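Everything quoted here is computed from the prediction, not taken from an experiment.
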Amino acid sequence: MLDLAFIRNHPDIVKEAARLKNNPIDIDALLDLDQQVLTLQRQVEDARALQNQLSKRMQEAAKNKDNALKTALIAEGKEMAEQIKAMEPLLATLTEERQQMLYLVPNIPDPSAPVGKDENDNVPIAYWGEKPRFDFEPLDHYALMQKLDLVDIERAVKVAGARSYALKGDAARMELALMNFAFDRIARKGFTPLIVPAMARSFAFIGNGQFPKGRDQVYAVEDTDLFLVGTAEVSITGMYKDEILKAEELPLTFVGFCPCFRQEAGTYGKDTRGVFRIHQFNKVEQYVICHADHQESVRWHEQLLKNSVELLQALELPYRVVNVCTGDMGDGKVGQYDVESWIPSEGRYRETHSCSYFHEWQARRANIRYRDEDGKVKFVHTLNNTAIASPRILIPLLEIHQQADGSVRIPEALRPYMGGQEFIKAR
RNA sequence: GGAGAGAUGUCUGAGUGGUCGAAAGUGCCGCUCUCGAAAAGCGGUAGGGUGCAAGCCCUCGUGGGUUCGAAUCCCACUCUCUCCGCCA
């Protein structure tokens, strides 16, 4: 959410941001509504001021035992109360409408973000690792998983419907190993480990930016105000809602884990093979709350990216980093890098990580602030990045490390988390 | 699921329907004292909206109601805590 005062003072900047992000919001309509609110608000406040004055004079009258005056003032007060009561519902409605519209206003992308329409305009900025050359016919991840008995999709679908899966055997062990591996490595950098609720109230989703716009991607728990989170980010943001932190407490750095749930509405027929796009997965997430300082945000953005790619390097997975263009990045983001891992069977890189910084956009929604050294209360900055998300990461992991004999080599860095095991072999 | 208690500022905690945005303590900041620190003393210290500003308005869990006027009375809801039951 942007500062309303900023939108008033810089409507052109906001309109340009919306255009760059393919966001159809009508800023003029918002400002128009805002003016209505302000006008009506002034009227109501004037009336209330008058009412308060009457109230004070009434006390005087009571003290002086001036019953005639008191009676007259009460009559006047009654009148004011009615006037106010008549104006209040409209003011409340308009204010709420303005708020809902405000939620839809996108953040201003950084000038360094490439301008573009969709993911095709994202700009690769770094490559790492050698794409493997196989001297045998490599399998795709699903074929590999079937052959090694690592997954049971049919029976999982029987239980939970399309886009479900059950990891089996060493794939199940590997998934847990990956979570542990990522959790450990990021924690070792000083990030506080956090296992967070996978369900959260609506305010957490509003705070994070998933609501109201992404509501259709989220599962609701019936007859409650609870929803299943699509990322630990939602819960962590919610945890700090309405807090005023001390400047010296910042930055707060977390490595958060929770199962993640996504409806994947509107993706029918897309990525239906294997475990690429599923409704439930596990994710270790990096999350940072820092001072309201652009440079500090940028430094953390780079650091979070570095943390993630170090994990991929340890897993010996070739990847590239793309600078996500304005049209492809989310509403709340100032800047976004995606890390894409090489998928041999598709002959292309695909998103496995997403690294974003938001400035105050989430903090304003969730009302997370801190008291600055000089006593001023400011909104914090927030950032987040995937550390590891699985089973998606199993796709490059299995495909890249498959061997001529049909087995899969476990990268050395992961072996300590799998009891020293070196290969996944057919049973 | 059953029974009870509660929700106030950084925290603890007081609060008779009007002079309460709110006592007191604590924390924090400044000053005095001191070579310096501690202790002690004095002063300051909630957030938000609106306005050039003075100011005005709002906020005592949330929403409604009573009233000229609600932290205070009434209703509903939410949440927290304690005990019992069930349970990983």
Side-chain angles (χ1 to χ4, degrees), chain A residues 1-9 30-31 33-103 195 197-207 220-227 235 238-250 252 258-259 289 292 360 363-380:
Chain A
M1 195 164 81
L2 289 179
D3 181 9
L4 186 52
F6 178 85
I7 303 175
R8 285 180 196 139
N9 295 330
L30 171 61
L31 290 174
L33 182 60
D34 179 46
Q35 280 311 310
Q36 290 181 52
V37 170
L38 287 183
T39 306
L40 191 57
Q41 183 177 300
R42 222 160 342 214
Q43 286 174 28
V44 171
E45 282 182 7
D46 287 349
R48 271 205 273 254
L50 200 61
Q51 191 181 35
N52 289 342
Q53 281 174 28
L54 286 172
S55 204
K56 271 180 197 148
R57 286 168 60 196
M58 230 172 275
Q59 289 161 54
E60 279 299 304
K63 212 182 289 172
N64 300 335
K65 307 249 194 295
D66 189 343
N67 278 332
L69 180 58
K70 193 179 168 193
T71 311
L73 288 173
I74 288 179
E76 228 179 304
K78 230 174 225 182
E79 174 98 3
M80 287 318 300
E82 269 168 39
Q83 281 189 30
I84 293 167
K85 220 170 252 180
M87 289 188 277
E88 270 176 340
L90 180 59
L91 179 60
T93 307
L94 292 178
T95 305
E96 177 58 23
E97 267 177 47
R98 180 181 67 173
Q99 184 60 39
Q100 289 303 322
M101 242 179 132
L102 205 48
Y103 281 143
I195 298 181
M199 296 192 294
R201 300 208 162 90
S202 51
F203 77 77
F205 290 81
I206 290 171
V221 179
E222 205 175 4
D223 295 327
T224 71
D225 182 42
L226 292 169
F227 303 83
S235 296
M239 283 168 69
Y240 282 89
K241 183 180 166 62
D242 291 330
E243 293 201 21
I244 300 180
L245 303 160
K246 294 187 180 124
E248 57 268 26
E249 293 180 74
L250 301 179
L252 292 171
C258 76
I289 297 176
E360 304 173 356
R364 224 172 246 290
R365 290 172 159 253
N367 195 30
I368 305 173
R369 296 170 293 175
Y370 71 103
R371 206 176 299 277
D372 209 353
E373 279 79 359
D374 54 6
K376 264 186 78 178
V377 174
K378 293 176 177 170
F379 288 103
V380 299

Exercise. Which residues pass the salt bridge (charged side-chain N to carboxylate O under 4.0 Å, His left out) test with A/E45, sequence neighbours left out?
Worked result: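 Result, salt bridge (charged side-chain N to carboxylate O under 4.0 Å, His left out) vs A/E45: none returned.
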Exercise. What pairs with A/A81 under side chain to side chain contact (heavy atoms under 4.5 Å, CB included), at least two apart in sequence or on another chain?
Worked result: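 Only A/Q51 meet the side chain to side chain contact (heavy atoms under 4.5 Å, CB included) criterion with A/A81.
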Rounded distance (Å) that lies between atom [atom2] of [N] and atom [atom1] of [X]:
X      : N     : atom1 : atom2 : value
A/E243 : B/A46 : CD    : C1'   : 16 Å
A/Q36  : B/U50 : CD    : C1'   : 17 Å
A/D372 : B/C28 : CG    : P     : 18 Å
A/I244 : B/C11 : CD1   : C1'   : 13 Å
A/R364 : B/G48 : CZ    : P     : 10 Å
A/D242 : B/U10 : CG    : P     : 11 Å

Close side-chain approach of [X] and [Y], heavy atoms under 4.5 Å:
X      : Y      : value
A/K376 : A/R369 : no
A/D34  : A/I7   : no
A/D225 : A/F227 : yes
A/I74  : A/K70  : yes
A/Q35  : A/L31  : no

Taking only the [atom1] atom of each, what is the distance from [N] to [M] in whole angstrom?
N     : M     : atom1 : value
B/A7  : B/A14 : P     : 9 Å
B/U78 : B/U67 : C1'   : 26 Å
B/G4  : B/U8  : P     : 22 Å
B/U12 : B/G27 : C1'   : 11 Å
B/C57 : B/A70 : P     : 13 Å
B/U72 : B/C58 : P     : 15 Å
B/A46 : B/G65 : P     : 32 Å

Between the protein and nucleotides 72-79 of chain B, which nitrogen or oxygen pairs come in under 3.5 angstrom?
{"residue": "B/C79", "atom": "OP1", "partner": "A/R201", "partner atom": "NH2", "Å": "3.2"}

Exercise. What pattern of brackets, bars and dots sums up RNA chain B from 5' to 3', given Watson-Crick or G-U wobble pairs under 3.5 Å, [ ] for crossing pairs and | for another strand?
Worked result: ((((((((..[[..)..(.....]].((((((.......))))))(((((....))))).[[[[[..)....]]]]])))))))....
Problem set entry | Check against side-chain contact (heavy atoms from CB on, under 4.5 Å), A/Q83 and A/L50 | CA-CA 11 Å; A/Q83 281 189 30; A/L50 200 61; over 6 Å; no
For this session: Starting at CD1 of A/I206, measure out to CZ of A/R365 and round the result to the nearest 0.5 Å.
Result: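 If we round to the nearest 0.5 Å, A/I206:CD1 and A/R365:CZ are 8.0 Å apart.
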Exercise. What distance do A/E96 atom CD and A/L102 atom CG have between them, rounded to the nearest 0.5 Å?
Worked result: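 Reported to 0.5 Å precision, the distance equals 11.0 Å.
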Exercise. Can you name the residues that form a side chain to side chain donor-acceptor pair (under 3.5 Å) with A/K378, not counting sequence neighbours?
Worked result: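 Once residues adjacent in sequence are excluded, the partners of A/K378 under the side chain to side chain donor-acceptor pair (under 3.5 Å) criterion are A/D372.
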Exercise. How does each nucleotide of nucleotides 51-70 of chain B score, in 5' to 3' order, for protein heavy atoms under 4.0 Å: base (B), sugar-phosphate only (S), or none (-)?
Worked result: -----SBS-------S-BS-
